[in-house]
Asker: 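First the structure, then my questions, so here it is.
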Amino acid sequence: MAMKKVASFAIKAFANSGSSSVLTRQLHASPGSKKIVGVFYKANEYYAKNPNFVGCVEGALGLREWLESQGHQYIVTDDKEGPDCELEKHIPDLHVLISTPFHPAYVTAERIKQAKNLQLLLTAGIGSDHVDLKAAAEAGLTVAEVTGSNVVSVAEDELMRILILVRNFLPGYHQVITGDWNVAGIAYRAYDLEGKTVGTIGAGRIGKLLLQRLKPFNCNLLYHDRVKIDPELEKQTGAKFEEDLDAMLPKCDIIVINMPLTEKTRGMFDKDRIAKMKKGVLIVNNARGAIMDAQAVADACSSGHIAGYSGDVWYPQPAPKDHPWRYMPNQAMTPHISGTTIDAQLRYAAGVKDMLDRYFKGEEFPAQNYIVKAGELAPQYR
């Protein structure tokens with residue numbers, strides 16, 4: 001998406017909540033103690049290995065001392081699923097819920113209905129599709145995230161995954177750890193990245209960073225989005241705009257998914273759309289797993305139509321043990337890790353603290369952080 005357009009929307013649509021006809025729950029904290037619940041993944045024995053490991057249950061975003069010193073109640077858990085989970089116990093009386101895309105607390109319409117005191121939903125990171133945004137808007141809730149906090153982390157990870165697939169890296173690694181040595185078993189499908197056509201579907205913050213990082217590899221760069229990127233960036237990267245997604249797909253040796261999950265993009269890459277891609281295509285998806293038809297991807301990997309698939313996003317998360325992507329051939333999947341590097345954790349922890357501080361003081365958040373405010377959804381989620 002175009003940054004200028006997003007910023008313009010944010011300023012116009014979110015600057016004055018009083019202009020909305022939606023019955024909005026009190027946007028900022030009323031006096032007194034607040035109940036804040038954080039849902040993060042557990043670090044267990046790894047927490048002690050790095051003092052900056054704040055994005056986990058044990059690290060609690062580094063917020064506990066600060067919140068409790070102001071008289072607030074701060075509960076942190078990784079238990080988020082099922083009617084008897086720890087999160088469910090706190091839904092009726094919490095005021096703020098913090099979650100991450102890496103271990104998302106799925107905030108359904110039913111949970112929103114039960115959360116009578118809920119005012120604020122914060123995402124520690126970027127991507128708030130774990131929230132039923134329409135239900136949040138109708139309930140007058142505010143949903144916000146730490147925009148830009150881990151875009152570098154994700155773009156770097158995408159570049160790594162492209163190279164892993166292109167160079168057929170994983171079979172070689174597996175040979176080493178199993179005591180084998182078979183160069184031919186790797187080289188027969190290892191290629192150079194130079195000269196390949198790479199298309200990003202979505203050219204927002206992450207997509208633009210990826211295009212910039214791919215430029216030195218002398219690729220042919222294409223991008224599809226609702227609007228064109230800045231002409232200067234187009235000139236700098238040499239990226240060419242493709243208005244028609246289905247016309248772009250067969251041109252690409254490598255496709256990178258960089259779009260948000262919305263009702264329009266959910267299941268967007270089904271059997272029919274995958275069939276439009278070049279045979280032997282490589283796909284990297286660090287956006288959202290539900291954008292893909294999971295079984296269609298697995299079938300295409302098995303048939304060879306997709307020669308390699310890599311990403312860190314699944315649906316649901318954590319991925320069940322029988323998820324087809326765990327067992328399909330030519331995959332380089334990982335848990336959802338790209339945006340939760342230690343550097344990213346420190347950035348999104350600081351961003352969450354800043355928004356909580358503004359919430360307590362009755363101040364506005366940075367405009368670009370709002371996903372839902374006064375019944376309005378940010379344009380990328382419409």
Asker: Run the salt-bridge test on D246 and R273 with the 4.0 Å N-O cut-off and return the result as yes or no.
Answerer: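 So D246 pairs with R273 through a salt bridge.
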
Asker: Are the side chain of K34 and the backbone of V96 linked by a donor-acceptor contact shorter than 3.5 Å?
Answerer: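 Here the side-chain-to-backbone pair does not exist.
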
Asker: List in chain and number order the residues that pass salt bridge (Lys or Arg N to Asp or Glu O under 4.0 Å) with E81, two or more places apart in sequence or in another chain; answer none if no residue qualifies.
Answerer: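 Checked E81 against salt bridge (Lys or Arg N to Asp or Glu O under 4.0 Å); zero matches.
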
Asker: Assess whether a salt bridge exists between E232 and K235, defined as any Lys/Arg side-chain N lying under 4.0 Å from an Asp/Glu carboxylate O.
Answerer: no

Asker: Taking the basic N atoms (NZ, or NE/NH1/NH2) and the acidic carboxylate oxygens, is any pair closer than 4.0 Å for K251 and E242?
Answerer: yes

Asker: Do L122 and L97 have side-chain heavy atoms sitting under 4.5 Å apart?
Answerer: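 The answer is no; the side chains never approach within 4.5 Å.
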
Asker: Between R111 and E88, is there a salt bridge with N-O shorter than 4.0 Å?
Answerer: yes

Asker: Between Y74 and V37, is any pair of side-chain heavy atoms under 4.5 Å apart?
Answerer: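 A side-chain contact under 4.5 Å is absent here.
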
Asker: Taking the side chain as every heavy atom from C-beta outward, state whether V281 and D253 have any atom pair closer than 4.5 Å.
Answerer: no

Asker: Enumerate the ring pair (Phe, Tyr, Trp, His ring centres under 6.0 Å) contacts for residues 212-264, please, sequence neighbours excluded, ordered by first and then second residue.
Answerer: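 Output for this query lists Y223-F241.
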
Asker: Name the orientation class of the two ring planes belonging to H72 and F360 (parallel below 30°, tilted from 30 to 60°, perpendicular beyond 60°).
Answerer: parallel

Asker: Once ring pair (Phe, Tyr, Trp, His ring centres under 6.0 Å) is applied, what residue pairs with a partner in residues 159-188 remain, sequence neighbours excluded?
Answerer: none

Asker: Do D225 side-chain atoms and K228 backbone N/O form a donor-acceptor pair below 3.5 Å?
Answerer: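 No.
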
Asker: Just wondering, more than 12 heavy atoms not from Y327 lying within 6.0 Å of its OH?
Answerer: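 More than 12 within 6.0 Å, yes.
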
Asker: Consider only side-chain N and O atoms of H90 and K35, and report whether a donor and an acceptor are under 3.5 Å apart.
Answerer: yes

Asker: Rounded to the nearest 0.5 Å, how far apart are CD of Q380 and CZ of R226?
Answerer: 7.5 Å

Asker: At their closest point, which heavy atom of A137 faces which heavy atom of L377, and how far apart are they?
Answerer: CB-CD1, 3.6 Å

Asker: Is there a side-chain contact between D312 and M333 (heavy atoms, below 4.5 Å)?
Answerer: no

Asker: Quick one: do F102 and I257 end up in the same hydrophobic cluster if we chain Ile, Leu, Val, Met, Phe, Trp and Tyr together by side-chain heavy atoms under 4.5 Å apart?
Answerer: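 Hydrophobic grouping puts F102 apart from I257.
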
Asker: With the 4.5 Å side-chain cut-off for hydrophobic clustering, are V39 and I371 part of the same group?
Answerer: yes

Asker: Closest heavy-atom contact between S149 and I126?
Answerer: OG-CG2, 4.2 Å

Asker: Can you measure from CD (E138) to CG (L133) and round to the nearest 0.5 angstrom?
Answerer: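 Output value for this atom pair is 11.0 Å.
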
Asker: Would you check, one step at a time, whether the test side chain to side chain contact (heavy atoms under 4.5 Å, CB included) holds for L233 with Q212?
Answerer: CA-CA 8 Å; L233 184 59; Q212 290 174 317; 3.4 Å; yes

Asker: Between K208 and I229, which heavy-atom pair has the shortest distance, and what is it?
Answerer: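 The pair with the smallest heavy-atom distance is CE-CG2, 3.8 Å.
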
Asker: I'd like to check Q368 versus R205 (side-chain heavy atoms, cut-off strictly below 4.5 Å). Are they in contact?
Answerer: yes

Asker: Could K361 and D357 be called an ion pair, given the rule that one side-chain N must be under 4.0 Å from one carboxylate O?
Answerer: yes

Asker: Is T197 close to I254 at the side-chain level, that is, under 4.5 Å between some pair of heavy atoms?
Answerer: no

Asker: Does R161 form a side-chain hydrogen bond (donor to acceptor under 3.5 Å, both in side chains) with S338? I'd like the steps, not just the answer.
Answerer: CA-CA 10 Å; R161 291 176 190 274; S338 63; 5.9 Å; no

Asker: Any salt bridge between E376 and R382, counting N to O under 4.0 Å?
Answerer: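 A salt bridge links E376 with R382.
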
Asker: Enter the distance from T237:OG1 to L214:CG here, rounded to the nearest 0.5 Å.
Answerer: 9.5 Å

Asker: Donor-acceptor check, side chain of R189 to backbone of A307, threshold 3.5 angstrom: yes or no?
Answerer: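 Confirmed, R189 side chain pairs with A307 backbone.
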
Asker: Atom CE of M355 and atom OG1 of T123: how far apart are they, to the nearest 0.5 Å?
Answerer: 8.0 Å

Asker: How far does CD1 of I291 sit from CG of D270, to the nearest 0.5 angstrom?
Answerer: 13.0 Å

Asker: Ignoring hydrogens and geometry beyond distance, is a side-chain donor-acceptor pair present between D180 and T178 at under 3.5 Å?
Answerer: yes

Asker: Of all heavy-atom pairs between N52 and L346, which one has the smallest distance, and what is that distance?
Answerer: O-CD2, 4.0 Å

Asker: Taking side-chain hydrogen bond (donor to acceptor under 3.5 Å, both in side chains) as the test, write out the residues that go with T100, two or more places apart.
Answerer: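 T100: no side-chain hydrogen bond (donor to acceptor under 3.5 Å, both in side chains) contacts found.
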
Asker: Using a distance-only test with no angle check, is there a side-chain donor-acceptor pair under 3.5 angstrom linking Y309 and N330?
Answerer: no

Asker: Check whether any side-chain heavy atom of H95 lies under 4.5 Å from a side-chain heavy atom of L120, and answer yes or no.
Answerer: no

Asker: Which residue in the set L282, L193, L222 passes side chain to side chain contact (heavy atoms under 4.5 Å, CB included) when paired with V198?
Answerer: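 Among L282, L193, L222, the one that satisfies the side chain to side chain contact (heavy atoms under 4.5 Å, CB included) with V198 is L193.
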
Asker: Between Y348 and E145, do the side chains contain a donor N or O and an acceptor N or O under 3.5 Å apart?
Answerer: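 No, Y348 and E145 have no side-chain donor paired with an acceptor closer than 3.5 Å.
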
Asker: Which heavy atom of P320 sits nearest a heavy atom of P316, and at what distance?
Answerer: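 For P320 versus P316, the nearest heavy atoms are CD-CD, 4.0 Å.
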
Asker: Partners of E194 by side-chain hydrogen bond (donor to acceptor under 3.5 Å, both in side chains), sequence neighbours excluded?
Answerer: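 Partners of E194 by the side-chain hydrogen bond (donor to acceptor under 3.5 Å, both in side chains) criterion, ordered by chain and then number, come out as N218.
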
Asker: Using the side chain to side chain donor-acceptor pair (under 3.5 Å) definition, which of the options T334, T341, N286 pairs with D157?
Answerer: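 Of T334, T341, N286, side chain to side chain donor-acceptor pair (under 3.5 Å) with D157 is met by N286 alone.
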
Asker: What about H130 and Y106, are their ring centers closer than 6.0 Å?
Answerer: no

Asker: Give a yes or no on whether the backbone of L87 and the side-chain of T77 come within a donor-acceptor separation of less than 3.5 Å.
Answerer: no

Asker: For F365 and A144, work out which heavy atoms get closest and say how close.
Answerer: CD1-CB, 3.8 Å

Asker: So does E86 pair up with K89, basic N to acidic O under 4.0 Å?
Answerer: yes

Asker: Side chain of H305, backbone of M277: donor and acceptor closer than 3.5 Å?
Answerer: yes

Asker: Charged N to carboxylate O below 4.0 Å: is that the case for K276 and D272?
Answerer: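 No salt bridge links K276 with D272.
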
Asker: Under the rule for side-chain hydrogen bond (donor to acceptor under 3.5 Å, both in side chains), what residues qualify as partners of N50, not counting sequence neighbours?
Answerer: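 side-chain hydrogen bond (donor to acceptor under 3.5 Å, both in side chains) check on N50 returns nothing, list empty.
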
Asker: Can you tell me how far apart CG (N150) and OG1 (T340) are? Round to the nearest 0.5 Å.
Answerer: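 With rounding to 0.5 Å, CG (N150) is 8.0 Å from OG1 (T340).
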
Asker: Applying ring pair (Phe, Tyr, Trp, His ring centres under 6.0 Å), run through H103 and F40 and close with a yes or a no.
Answerer: CA-CA 6 Å; H103 188 74; F40 314 116; 9.0 Å; no

Asker: Would you say T265's side chain and P260's backbone share a donor-acceptor pair under 3.5 angstrom?
Answerer: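 Indeed, once roles are kept as given, a pair shorter than 3.5 Å links the two residues.
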
Asker: When clusters are formed by joining ILVMFWY residues with side-chain heavy atoms under 4.5 Å apart, either directly or through shared neighbours, do L261 and L121 land in the same one?
Answerer: no

Asker: Using a 6.0 Å distance limit plus a 45 degree cone around the ring axis, check whether R288 lies over the aromatic ring of W314.
Answerer: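 No; the conditions do not both hold, so R288 does not lie above the ring face of W314.
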
Asker: If only side-chain N and O atoms count, and only distance matters, is there a donor-acceptor pair under 3.5 Å linking E364 with Y370?
Answerer: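 Side-chain D/A pair, Y370 to E364: present.
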
Asker: Less than 3.5 Å apart, any donor N or O on the side chain of N258 or T200 sitting next to an acceptor on the other?
Answerer: yes

Asker: Is there side-chain contact between K215 and Q236, with at least one heavy-atom pair below 4.5 Å?
Answerer: no

